[in-house]
Q: 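Pasting a structure below so you can have a look.
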Amino acid sequence: MPLHVLDHPLAQHVLTHLRDKKTKPVLFRTLSYQISLLLALEATRDLSTVEKSIETPLEPMKSRVLAKPLVVVPILRAGLGMLQPFHDVFPDVSVGYVGLERDHETAIARSYYCKLPPLTNARVLVVDPMLATGGSAAHALSLVKEHGATEVSFVCIVASPEGVAALQAAHPEVPIHAGALDRELNDRKYIMPGLGDFGDRLYGT
Ligand code: PRP
Ligand code: URA
């Protein structure tokens with residue numbers, strides 16, 4: 001599936017301040033909210049709708065409502081920084097959680113938590129701000145598929161070319177939505193130029 005990169009001046013503005021090492025956690029959280037809101041709207045552009053008959057104060061009409069339940073799955077812990085706008089825009093959204101942590105030496109993700117609602121027949125959005133090697137995202141997508149998800153997208157704030165390639169190889173049918181596509185990974189598997197460790201900057205750790 002193709003990679004969709006946000007194309008909006010506000011996305012560039014917000015990303016610039018997110019990347020700036022002088023940005024403190026309180027502003028970092030607000031900026032994460034703003035870019036995730038743009039991503040939430042973009043990643044749900046293709047949601048299916050069904051017809052519904054209603055009456056306006058003036059006359060009956062046929063209108064449309066969302067057809068399927070929506071489930072958002074943040075990858076703990078940094079993915080929590082992207083969750084709130086999905087709640088705000090889609091009040092009926094269900095939330096599942098996947099806990100993954102990269103080993104500092106090997107950069108291989110270890111799973112420590114998984115709690116998912118029913119996913120069969122739902123539209124599922126797995127969200128994690130950083131797509132670096134792609135190991136965490138690929139693991140999370142396998143977990144949601146094992147739990148019955150068939151319509152899944154992946155949403156991130158910054159992606160690396162290596163992570164996109166790895167994810168497209170492991171889950172070729174899954175669309176990827178990113179706020180930015182950066183240059184490369186460094187030898188510690190951090191995204192360059194990137195924004196550093198998202199979880200640490202979000203939570204001030
Ligand atoms: C970060 C990030 C992704 C992962 C990306 O999480 O939030 O989950 O790294 O790297 P990958 O594509 O190479 O797997 P981290 O493991 O640092 O955990 P945290 O969210 O608890 O900070
Ligand atoms: N995780 C992060 O938080 N940042 C990176 O650049 C790579 C993985």
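We count ligands from 1, going down the list as the structure has it; atoms in each ligand are counted the same way. Keep in mind that this is a model prediction, so the values were computed, not measured. Side chains are part of it too, since the values below use all heavy atoms of this structure and drop only hydrogens, waters and symmetry mates.
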Q: Checking side-chain contact (heavy atoms from CB on, under 4.5 Å) for the pair D88/Y33: CA distance, chi angles, key distance, verdict?
A: CA-CA 10 Å; D88 292 346; Y33 179 97; 2.6 Å; yes
Q: Among all the protein's heavy atoms, is there at least one whose distance to atom 11 (P) of ligand 1 comes out below 4.0 Å?
A: yes
Q: Looking at atom 2 (C) of ligand 1, tell me if a protein heavy atom falls under 4.0 Å from it.
A: yes
Q: Can you pull out the closest protein heavy atom to atom 4 (N) of ligand 2? Residue, atom name and distance to 0.1 Å, please.
A: G196 O, 2.8 Å
Q: Quick one: does any side-chain atom of H171 pair with a main-chain N or O of A138 as donor and acceptor, under 3.5 Å?
A: yes
Q: Give a yes/no verdict on whether any heavy atom in K189 is under 4.0 Å from an atom of ligand 1.
A: no
Q: Distance-only, no hydrogens or angles: does the T23 side chain make a donor-acceptor pair with backbone N or O of H17 under 3.5 Å?
A: yes
Q: Would you check whether S160 reaches within less than 4.0 Å of ligand 2, judged by its heavy atoms?
A: no
Q: Identify which of T133, D103, I157 has a heavy atom lying nearest to atom 13 (O) of ligand 1.
A: T133
Q: Could you tell me whether the side chain of Q34 and the main chain of V14 form a donor-acceptor pair under 3.5 Å?
A: no
Q: Can you check whether G135's main-chain N or O pairs, donor with acceptor, with R102's side chain at less than 3.5 Å?
A: no
Q: For atom 3 (O) of ligand 2, grab the closest protein heavy atom and report residue, atom and distance to one decimal in Å.
A: F198 N, 2.8 Å
Q: When you measure from atom 18 (O) of ligand 1 to every protein heavy atom, which one gives the shortest distance, and what is it?
A: L100 O, 4.0 Å
Q: List the closest protein heavy-atom neighbour of atom 17 (O) of ligand 1: residue, atom name, distance to the nearest 0.1 Å.
A: D197 OD2, 4.1 Å
Q: Ignoring hydrogens and geometry beyond distance, is a side-chain donor-acceptor pair present between T205 and D200 at under 3.5 Å?
A: yes
Q: I need the atoms of ligand 2 closer than 4.0 Å to a non-hydrogen atom of A132, numbered in the order shown.
A: 7 (C), 8 (C)
Q: Suppose I only count heavy atoms of E101 and a 4.0 Å limit; which atoms of ligand 1 are within that range?
A: 16 (O)
Q: Between R19 and L195 (side chain of the first, backbone of the second, donor and acceptor by atom type, cut-off under 3.5 Å), is there such a pair?
A: no
Q: Consider every N or O of R102 and every N or O of ligand 1, then say whether any pair is closer than 3.5 Å.
A: yes
Q: Among all the protein's non-hydrogen atoms, which is closest to atom 5 (C) of ligand 1, and how far away is it?
A: M130 O, 3.2 Å
Q: Give a yes or no on whether the backbone of L47 and the side-chain of T44 come within a donor-acceptor separation of less than 3.5 Å.
A: no
Q: Given D128, V158, I75, which has its nearest heavy atom closest to atom 8 (O) of ligand 1?
A: D128
Q: For K189, which part has a heavy atom under 4.0 Å from ligand 2: side chain, backbone, both, or neither?
A: backbone
Q: Determine whether V152 and L100 fall in the same hydrophobic cluster, where Ile, Leu, Val, Met, Phe, Trp and Tyr are linked whenever their side-chain heavy atoms lie under 4.5 Å apart.
A: yes
Q: Check each of S136, G134, A109, G99 against atom 4 (C) of ligand 1 and report the one with the nearest heavy atom.
A: S136
Q: Please indicate whether any nitrogen or oxygen in A107 is less than 3.5 Å from any nitrogen or oxygen in ligand 1.
A: no
Q: Any heavy atom of R102 closer to ligand 2 than 4.0 angstrom?
A: yes
Q: What is the closest protein heavy atom to atom 5 (C) of ligand 2, and at what distance does it sit?
A: Y190 CD2, 3.4 Å
Q: Taking side-chain contact (heavy atoms from CB on, under 4.5 Å) as the criterion, tell me which of L131, V158, I191, V164 meets it with L181.
A: V164
Q: Using a strict 4.0 Å threshold on nitrogen-to-oxygen distance, state whether D46 and R123 make a salt bridge.
A: yes
Q: Report, in ascending order of atom number, the atoms of ligand 1 lying under 4.0 Å from any heavy atom of A78.
A: 7 (O), 20 (O)
Q: Treating Ile, Leu, Val, Met, Phe, Trp and Tyr as nodes and any side-chain heavy-atom pair under 4.5 angstrom as an edge, say whether V127 and V71 lie in one connected cluster.
A: no
Q: V73 and side-chain contact (heavy atoms from CB on, under 4.5 Å): which single residue from V95, V124, L141, L125 fits?
A: V124
Q: What protein heavy atom sits nearest atom 6 (O) of ligand 2, and how far off is it?
A: I191 N, 2.8 Å
Q: Among protein heavy atoms, which lies nearest atom 19 (P) of ligand 1, and at what distance?
A: R77 NE, 3.6 Å
